[in-house]
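Throughout, protein chains are lettered first and strands after them, A, B, ... in sequence-line order, and every chain is numbered starting at 1. For clarity, every value in this text was computed on a predicted model and none was experimentally measured.
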Amino acid sequence: MTATAASSSATILPFAEPAARSGRDARPLRLITCGSVDDGKSTLIGRLLWDTKAVKEDQAATLARDSGQQNDLGLPDFALLLDGLQAEREQGITIDVAYRYFATDRRSFIVADTPGHEQYTRNMATGASTADLAILLADARAGLLEQTRRHATIAALMGIRQFVLAVNKFDLVNYDKAIFDQISHDFRELALSLGVRQVTAIPMSALKGENVVYASEGAMPWYQGPTLIEALELATTRSTQTGGFRLPVQRVARPGESFRGYQGTVAGGAIKPGDSVAILPSGTIANVKQIVTFDLVRNAAVAGDAITLVLDRQVDVARGDMIVSIDGPPMTGTGFDAQIVALQPGGIEPGKRYWLKSGSRRQRVTVEPVSQLELSSGKWQPHASTLAMNAIGKVHLAFEEQAIFDTYEQNRATGAFILIDPDTLNTVAGGMITAKRADLGGIHLEGQRVLLSLPADLAEQIMASELFAARRNEVEIRRLSGKQATDLLSDTGEND
Amino acid sequence: MPLSAQETEIKNPPVSKPPLDPHLKALENEAIHIFREVAAEFEKPVMLYSIGKDSSVLLHLARKAFYPGRVPFPLLHVDTTWKFKEMIEFRDEIAEKYDLDLVVHTNPRGKAEGITPFTHGSAFYTDIMKTEALKQALDAGGYDAAFGGARRDEEASRAKERIYSFRTPDHKWDPRNQRPELWNVYNGMIKKGESVRAFPLSNWTEVDIWRYIQAEDIPLVPLYYAAERPYVERDGMMILAEDPRLQLLPGETVQHGSIRFRTLGCFPLTGAIRSTASNLEEVIAELEIATVSERQGRAIDRDQSGSMEKKKREGYF
């Protein structure tokens with residue numbers, strides 16, 4: 001992601017290659033739309049689908065039949081296109097996330113239309129969890145509402161780092177530049193306070209189709225920025241997770257006596273045959289022998305690839321284990337800090353034993369709330385009791401067995417988890433790891449440490465031992481060249 | 001040093017088939033992940049196999065997901081006995097070719113009570129021969145997870161459905177109270193008798209399906225390609241006229257023309273389109289300029305507004 005410095009200009013966009021690219025050269029961009037109830041969210045998506053020709057004639061006919069009347073522009077009621085549930089049509093509101101698909105010549109898009117009502121915040125979090133970009137709507141007449149702030153906060157919390165502010169219904173304020181400048185300024189301040197620096201603000205009328213797919217014709221000569229679709233075409237998909245290799249093992253494939261493969265989706269980094277890996281939580285070391293897929297035996301795999309990994313020796317690997325690079329392994333331990341969003345009416349209770357699922361790993365955990373985010377002010381307030389539905393809290397997680405995580409900031413796949421209620425078995429929270437807590441009786445940072453420089457093969461033998469595995473989380477390992485190790489050790493000697 | 005995606009591409013040896021573009025690759029990876037997760041978490045999964053293009057893609061992905069092993073669950077076909085003849089032939093060929101466990105179920109009420117799409121209307125017929133039959137088969141097999149090839153772009157209520165769609169012991173879907181589904185962390189915990197319908201193709205569009213079929217060279221029922229075929233026009237639909245059970249109504253005549261099907265279901269309820277697209281390239285070219293949706297030819301979607309949601313709530317896929 002391009003870390004463009006914030007400035008006062010109207011738009012901040014990532015660089016894009018100017019060459020025309022076919023729409024299929026990239027992963028689909030996943031985006032969410034959010035905003036308050038009457039900001040015109042469904043109208044905006046309807047307009048996007050309509051103007052990119054994603055709505056077919058028979059669907060339009062159904063739409064016309066259902067809406068009964070057309071608006072004064074002769075267009076059907078776009079909201080009916082999206083609110084696919086009968087209860088939604090009857091109440092005229094969006095209850096659950098709807099996923100929609102459209103494409104331009106340049107790329108394809110998956111849009112999650114999320115509910116505006118506060119009581120459905122959990123469904124907004126569902127949509128945000130997989131999104132690369134958030135479109136936040138504001139009614140030009142009303143400016144930023146608390147719900148807009150709430151949604152921007154949740155989107156940022158869930159790791160979305162690109163915002164588009166759609167200042168909608170701009171025809172109703174006579175295309176007044178001063179109003180646009182004020183709202184986009186307020187929004188940029190908000191975004192910066194949330195750590196989001198890629199912000200594009202666009203004045204538009206979704207109803208009239210101005211600056212959505214087509215530029216407005218003469219109504220806003222002062223606006224030189226992109227239309228919404230242009231901004232979306234230039235956005236970046238969440239970059240491939242950098243850092244060490246991660247393979248959460250989904251299943252062990254044993255089709256015959258001779259073959260044993262570990263199947264899963266690479267959740268970070270890259271791997272190739274010959275690489276040394278560790279199996280967590282045991283800490284056993286092995287080397288990659290083969291990467292097997294249906295099409296061919298591959299000589300490398302990267303984040304996102306669904307693969308079958310074959311190791312060079314018999315080791316004990318089960319579903320829920322994680323195969324990782326020896327360089328830069330994830331954190332293991334029994335205590336972690338996290339932020340969670342409570343998703344169900346019962347909230348999240350302190351001390352209750354929940355199931356936690358992260359990747360393919362499911363284990364028991366207790367949750368101790370520490371603080372709660374006050375969405376109106378953006379401040380964290382101390383809070384140790386039950387986190388009510390829709391609350392966002394900072395919590396301590398205490399596991400009964402070793403857990404394996406990266407921080408969510410570093411890796412969205414290995415830093416995210418859900419909590420499952422042991423009684424209802426429903427999903428009751430979504431969470432993001434922020435840090436590891438020192439284990440009880442675990443690492444003694446004050447204690448004496450020994451730095452060894454060993455030949456790699458000897459180190460591997462030691463690391464494969466049970467004694468080592470048992471205390472794996474007290475050890476830090478760096479792989480270095482002989483020269484670097486010599487330099488490091490001599491430096492240490494001098495500084496002592 | 002981790003390799004960048006670009007380096008990896010270059011270092012891959014040339015293969016007979018060009019690599020998938022990143023868009024299809026991402027969809028494929030997601031589907032394989034879902035297949036593996038369901039197979040690992042549930043005791044007795046089954047895959048709904050309807051013989052159509054989406055099922056064909058679904059099956060191909062299942063074979064990929066479990067390679068080099070075989071597909072570790074059976075395929076279930078709910079046979080209404082009103083499918084196109086070519087579909088049944090294709091089904092049996094595929095099961096044989098790929099060494100699959102195929103379970104076929106027909107609701108005995110169809111024969112016992114003489115329920116046909118002509119005599120009982122599409123809504124009642126679908127309810128008995130598809131929805132009720134499906135529930136019978138799932139109960140009989142004791143399946144706790146059923147894969148389906150539904151896509152969110154097909155229909156408005158499907159656009160709302162989760163990838164793991166939770167069902168009560170009597171197979172009901174509660175669209176107002178779905179489990180939240182964050183990231184790709186799926187909650188596979190259920191109580192006895194409850195089940196999950198899993199949709200690996202949720203994020204695929206019709207064009208994606210066709211482009212994937214092309215890229216992966218997946219065999220399809222020939223009815224998807226245009227050919228000279230006999231048909232009858234009825235209620236604004238072109239119905240294939242080859243099954244002796246189709247009786248002409250007064251004023252109807254059998255016509256001949258170059259037609260094909262965009263979706264395949266029961267022949268009396270599935271309308272053909274006029275087309276000369278006789279191979280994959282031509283079908284895709286036709287699709288990219290199409291102005292009507294694929295379900296336009298499906299009579300059961302048009303019974304009433306919101307009819308798919310109603311059927312789904314009652315247990316239809």
Side-chain angles (χ1 to χ4, degrees), chain A residues 24-28 56-59 62 66 84-87 95-101 108 110 122-123 125-126 129-130 240 242 245 250-251 253 255 259 263 265 269-270 272 292 294-296 298-300 302 304-306 319 343 355 357-360 412 416-418 420 425-427 430, chain B residues 2-5 7-8 11-13 15 17 21-26 28-29 32-33 36-37 39-40 63-70 152-153 155-160 175-176 178-185 187 189-191 202-203 205 207 211 290-293 295-296 305-306 309-310:
Chain A
R24 306 293 168 163
D25 286 351
R27 286 198 295 123
K56 303 296 186 188
E57 280 172 12
D58 54 317
Q59 294 166 329
T62 307
D66 287 355
L85 302 177
Q86 284 180 330
I95 292 172
D96 208 336
V97 191
Y99 295 91
R100 296 288 163 177
Y101 306 82
S108 61
I110 301 175
R122 60 180 176 173
N123 293 332
T126 294
S129 68
T130 51
T240 306
T242 53
F245 175 71
Q250 287 185 281
R251 63 193 294 276
F259 186 91
Q263 302 188 315
T265 305
K272 59 185 190 309
V292 177
F294 184 83
D295 302 292
L296 67 162
R298 299 174 52 154
N299 55 12
V302 296
D305 289 344
R319 171 176 164 82
L343 302 171
W355 285 106
K357 191 177 176 195
S358 172
S360 57
R412 212 174 183 181
F417 62 87
I418 59 170
I420 299 167
L425 303 186
N426 202 345
T427 306
Chain B
L3 294 166
S4 76
E7 283 169 325
T8 311
K11 285 181 184 169
N12 269 340
V15 287
K17 200 170 54 181
D21 65 52
H23 175 87
L24 289 178
K25 188 73 198 165
E28 180 190 78
N29 282 330
I32 290 176
H33 182 86
R36 288 172 172 173
E37 198 62 12
R63 292 175 57 229
K64 280 196 160 189
F66 302 107
Y67 178 86
R70 66 196 287 270
R152 286 170 176 159
D153 85 322
E155 197 272 336
S157 64
R158 283 192 167 157
K160 297 273 174 179
R176 293 202 59 178
Q178 299 191 78
R179 285 181 174 178
E181 194 168 75
L182 294 93
W183 303 286
N184 63 349
V185 188
N187 178 358
M189 299 186 82
I190 54 169
K191 294 179 182 171
S202 287
N203 288 320
T205 64
V207 177
R211 291 182 62 256
T291 56
V292 293
S293 79
R295 294 203 73 91
Q296 190 250 355
S305 186
E309 179 185 347
K310 187 167 167 290

Step-by-step side-chain contact (heavy atoms from CB on, under 4.5 Å) determination, B:Ile32 to A:Thr265: CA-CA 9 Å; B:Ile32 290 176; A:Thr265 305; over 6 Å; no
Donor-acceptor under 3.5 Å (B:Asn187 side chain, A:Leu425 main chain): yes
Where A:Gln263 and B:Tyr67 come nearest, the two heavy atoms and their spacing: NE2-O, 3.3 Å
Atom of B:Pro180, atom of A:Asn426 and distance for their closest heavy-atom approach: CD-OD1, 4.0 Å
Side-chain donor or acceptor of A:Ser129 paired with backbone N/O of B:Leu182 under 3.5 Å: no
Under 3.5 Å donor-acceptor, B:Asp153 side chain and A:Tyr101 backbone: no
pair A:Pro255-B:Arg70: side-chain heavy atoms closer than 4.5 Å: no
Stepwise side-chain contact (heavy atoms from CB on, under 4.5 Å) test for A:Gln250 and B:His33: CA-CA 8 Å; A:Gln250 287 185 281; B:His33 182 86; 3.4 Å; yes
Contacting moiety of A:Tyr99, where chain B heavy atoms sit under 4.5 Å: both
Region of A:Phe417 in contact with chain B, defined by heavy-atom distances below 4.5 Å: backbone
Option in A:Ile418, A:Ile110, A:Thr130 with maximal non-hydrogen atom pairs under 4.5 Å from chain B: A:Ile418
Which portion of B:Lys191 sits near chain A, non-hydrogen atoms under 4.5 angstrom: both
